[in-house]
Amino acid sequence: MTALKGRDLLSLADLSPNEVSEVLNLAAQMKAGTVAPQCRKVLGLLFYKASTRTRVSFSVAMYQLGGQVIDLNPNVTQVSRGEPLEDTARVLDRYLDVVAIRTFDPKDLQTFARYAEIPVINALTDLAHPCQALADLLTVQECFGRVDGTTLAYVGDGNNVAHSLLLGCAMLGANVRVATPKGFEPNPDIVAQAKALAGERCDVTVTHDPIEAVREVDAIYTDVWASMGQEAEADDRMPLFQPYQVNEALLDRASDKAIVLHCLPAHRGEEITASVIEGSHSRVWDQAENRMHVQKALLASLLGAV
Ligand code: CP
Ligand code: NVA
């Protein structure tokens with residue numbers, strides 16, 4: 001894993017498929033307690049958006065590695081008073097060993113990464129959520145013993161979570177189908193990138209038909225219909241997305257052993273019903289737990305502790 005030392009994770013495609021598998025396998029070993037790397041390093045969390053899972057799982061992961069975490073809330077740093085990101089990046093680079101950034105515009109992440117030499121981790125932008133995809137893939141691997149050859153359907157908004165899932169599935173040979181309302185399809189550049197990564201190994205499909213998308217799949221995945229920053233559109237989106245709700249009727253179309261995934265936070269009665277998220281097919285709590293294991297493995301790798 002020394003190949004990951006010092007690198008950035010801005011998109012999942014910054015890693016090779018083999019490196020993604022290595023991070024997942026390391027995470028599984030760390031979760032099982034058979035490997036316990038240590039590093040006394042400092043992680044900064046620069047989050048411009050709300051977060052429960054990402055903030056806490058990164059913090060706990062770093063503490064368990066023997067390191068420290070500094071919360072760089074933009075409201076209590078000079079960032080909110082207009083200090084250029086280029087300057088902030090060059091200064092924080094001198095103090096921190098690694099930084100995780102959650103922001104709106106992916107260009108901000110790229111700017112920070114260009115001006116800081118330490119590893120920069122994408123903790124969610126409007127375009128991508130690669131740490132979430134790592135946890136999603138680990139959950140699939142745990143449930144089915146493999147990712148390669150499984151089939152996942154993502155039903156809902158073609159957003160950041162869908163984008164990273166598309167790339168992750170394509171990289172590891174899982175068939176992936178994304179079903180969205182018209183006008184809410186995933187970014188065509190990401191779809192093309194996923195198709196190129198998939199090659200002949202697996203299928204990448206984008207459709208407007210949720211029923212066709214979930215037919216006999218191993219996993220159904222959904223996320224909120226309006227992401228952070230899109231709250232004003234939420235009411236207008238509701239009727240358009242209603243046919244894409246993950247409910248008992250949709251779940252019946254999947255394989256009997258299908259699992260249900262959601263990155264959380266969930267809106268019960270909107271993108272997923274209470275009975276499905278609380279039901280026997282749901283693996284959302286394991287999936288949320290896995291955020292911590294994959295990020296701990298990622299931090300240990302980027303910091304050269306393994
Ligand atoms: N899934 C996820 O990233 O959750 P948070 O927004 O709570 O970090
Ligand atoms: N798509 C959601 C994911 C939250 C973890 C958002 O960006 O708000």
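We count ligands from 1, going down the list as the structure has it; atoms in each ligand are counted the same way. Sequential numbering from 1 along the given sequence is applied to the chain's residues. A quick note: this is a predicted structure, and the numbers were derived from the prediction, not measured.
Annotation for ligand 2: atoms under 4.0 Å from non-hydrogen atoms of L264 are 5 (C).
Judged as a ring-ring contact (aromatic ring centres under 6.0 Å, His included), and not counting sequence neighbours, Y115 has no contacts. Under the side chain to side chain contact (heavy atoms under 4.5 Å, CB included) criterion, Q245 pairs with W225, Q242, N247, T273, sequence neighbours left out. Residues forming a ring-ring contact (aromatic ring centres under 6.0 Å, His included) with F112 (at least two apart in sequence, or on another chain): none.
If you run side chain to side chain contact (heavy atoms under 4.5 Å, CB included) between P186 and each of N160, V191, N159, only V191 comes through.
The existence of a salt bridge linking D71 and R55 is confirmed by a sub-4.0 Å separation between a basic side-chain nitrogen and an acidic carboxylate oxygen. Using a 4.0 Å cut-off between a side-chain N of Lys or Arg and a carboxylate O of Asp or Glu, R237 and D157 qualify as a salt bridge. Using a 4.0 Å cut-off between a side-chain N of Lys or Arg and a carboxylate O of Asp or Glu, E142 and R283 do not qualify as a salt bridge.
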Could you go through the ring-ring contact (aromatic ring centres under 6.0 Å, His included) check for Y244 and F184 one step at a time?
-> CA-CA 12 Å; Y244 298 82; F184 297 91; 9.2 Å; no
Is there a side-chain contact (heavy atoms from CB on, under 4.5 Å) between E22 and L4 once you walk through the steps?
-> CA-CA 10 Å; E22 283 180 1; L4 287 193; over 6 Å; no
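For ligand 2, the polar-atom distance check against R102 finds no nitrogen or oxygen pair separated by under 3.5 Å. Considering backbone and side-chain atoms together, M228 places an N or O closer than 3.5 Å to an N or O of ligand 2. In terms of polar-atom proximity, K49 is not counted as a contact of ligand 2, lacking any N or O under 3.5 Å from an N or O of the ligand. Looking at ligand 2, you won't find any N or O of H129 less than 3.5 Å from one of its N or O atoms.
Judged by distance alone, the side chains of T54 and R102 do bring a donor and an acceptor atom under 3.5 Å apart.
Looking only at protein heavy atoms, the nearest one to atom 4 (C) of ligand 2 is L124 CD1, 3.9 Å. Protein heavy atom at the shortest distance from atom 3 (C) of ligand 2 is D223 OD2, 3.6 Å. With hydrogens left out, the protein atom closest to atom 7 (O) of ligand 2 is N160 ND2, 2.8 Å, a heavy atom.
Around ligand 1 you find S51, T52, R53, T54, R102, H129, Q132, C263, L264, R291, each with a heavy-atom distance below 4.0 Å.
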